[in-house]
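Reading through the structure tokens given below for one structure.
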Amino acid sequence: MTVTAGPAPLVIASNRGPVELCVDEAGRVVANRGGGGLIGVLGPALASRNGTWIASALTEEDRRAARQRETGAVVELPEGSVRLRLLDLDRQDYDGYYRDISNGLLWFLHHHMLDPTREPAIDAGVRESWRAYRRINARFASACARELALSGQALLQDYHLSLAPRQLRALRPDAGIAHFTMIPWADPANLRALPADLATELLDGMLGADLLGFLVPRWANAFVETCAVAGYPVDRGRGTVIDRDGRRVKIRCFPVGVDPDRLRHVAAGAAAEAYRRELRRLVGDRRLVVRVDRMEPSKNLLRGLDGFAELIAREPARRERVVHYVLAYSSRQDVPAYQAYDREVRRRVDLINERFGTPTWQPVVLETRNDFARGLAALTLADVLVVNAMRDGMNLVAKEGPVVSRRDLALVLSTEVGAADELADAAIMVHPFDVTALADGIAAGLDMPRAERAERLARLRKAAGAMPPRQWLDQAVHESADRRTG
Ligand code: G6P
């Protein structure tokens, strides 16, 4: 009798799961795709694999499901099924962990967005939130420990779970533990914004893993350098850091791409078609400059709007002939800095429209409703796509746009996003703080000859589809299963 060993059971843990459970108008429980970044993409990649996804219960329905089925439930996605185990977490602890530390502190730290005249201010409240962050990480670690089979591997995701690798190692020293950071990592000078005890705990937490994955070499190198400055022995050639217990921790890069077939399928669907009709009515035969982002300070929406305004201010011939469609869907509205940013973006849009608009032309159209199909529909019709984030782990919109484009879009891309490593050759590159360069870049994109647009687009597409999420996950699992180092 032959026994074929299946892939080792996989446990993925992230704050947000691949779906959120909600009740629809007919009272049925439905699973909606989780919003933002990579999480909603990794869900389909995990579907039908032998694995479990552990995530926070975020909606009322999630919490009900978590209480009813502590062992988790199987959720059907179009790509297959995922076993989802939701954690019903203490609400107050969750706020400290998610709002104050993950997004109020670590997000700003790793994106180099702290304003040192005011932030961070590590007072008693922040310290209490840090303890909550530690407790929630511990909940994830113990859930992983329970789920892991003997030969299992745990893949922990992102800055929400920086302490969990060490906590899991304490519970399950036998397990393979990998942690993947989907955002940038702070340079050593920026990490010094944290008091030494917090910085030490953060690095120590991460180094509990066997493998630390980043999206591009810039962020992996920054991590290695922060370890070196903290006194850990590092081997830059082999990409390893020696932990305090003598283990060699592997630091690796896994640049993720998009799945062209899946995106084109959604972009051709009925929902996207309806949005396309709506947008065509709005824009008419004008040229279209598009951006699709979360309403998020790191996405640099204000300078993006200023760049567009500078262009139509200095080149009146473009007025009435181009529309900037800004799809910026609300995000993290419980973080005060996000509320303020949201208000400022709306004000800036109004100012531009008041200054330049005419009875027949609204220069900027702001849309804040979150809908994946709407974003893809806008990308299909874009003549120019603007991605000017201040700093971004990868930025998948820069890859989605070229893949679904039906108008041979030109990509204006920030030098500071991970995707720049693969797309710089074929994009129009701009520094995110250079507003005039952005105006120039949009103009260059609008004026680019057809043959050049098509030629650049072909190269963008090739790079964008090079490592679709399913393959990315396979590669990451393979590398983390390999316990040899160096
Ligand atoms: C972005 C980042 C991801 C991160 C996510 C969290 O999408 O690219 O790396 O996990 O934000 O967003 P959330 O909506 O859960 O706060």
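Counting starts at 1 for both ligands and their atoms, following the listed order.
Salt-bridge check for Asp197 with Arg127: passed, with a basic side-chain N closer than 4.0 Å to an acidic carboxylate O.
Other residues, nucleotides and ligands contribute over 12 non-hydrogen atoms within 6.0 Å of the CD atom of Gln339.
Those atoms of ligand 1 that come under 4.0 Å of a heavy atom in Asp158, given as number and element, are 3 (C), 4 (C), 9 (O), 10 (O). Residue-ligand proximity, Ile183 to ligand 1, at heavy-atom distances under 4.0 Å covers atoms 9 (O). Annotation for ligand 1: atoms under 4.0 Å from non-hydrogen atoms of Tyr159 are 6 (C). Taking every heavy atom of Asn103 and a limit of under 4.0 angstrom, the matching atoms of ligand 1 come to 16 (O). When each atom of ligand 1 is checked for a heavy atom of Tyr98 under 4.0 Å away, the hits are 13 (P), 14 (O), 15 (O), 16 (O).
A distance of 6.0 Å or more separates the ring centres of Tyr338 and Trp107.
Among Leu161, Leu105, Ile101, the one residue that satisfies the side chain to side chain contact (heavy atoms under 4.5 Å, CB included) test with Tyr133 is Ile101.
For Asp158 (side chain) and Asn15 (main-chain N/O), no donor-acceptor pair under 3.5 Å exists by modelled atom type.
Applying the side chain to side chain contact (heavy atoms under 4.5 Å, CB included) rule to Arg139 yields the partners Leu87, Leu89; only residues at least two apart in sequence or on another chain are considered.
Considering only non-hydrogen atoms, atom 5 (C) of ligand 1 lies nearest to Arg332 out of His110, Met394, Arg332.
Under 4.0 Å from ligand 1, heavy atoms of Met182 appear from its side chain as well as its backbone.
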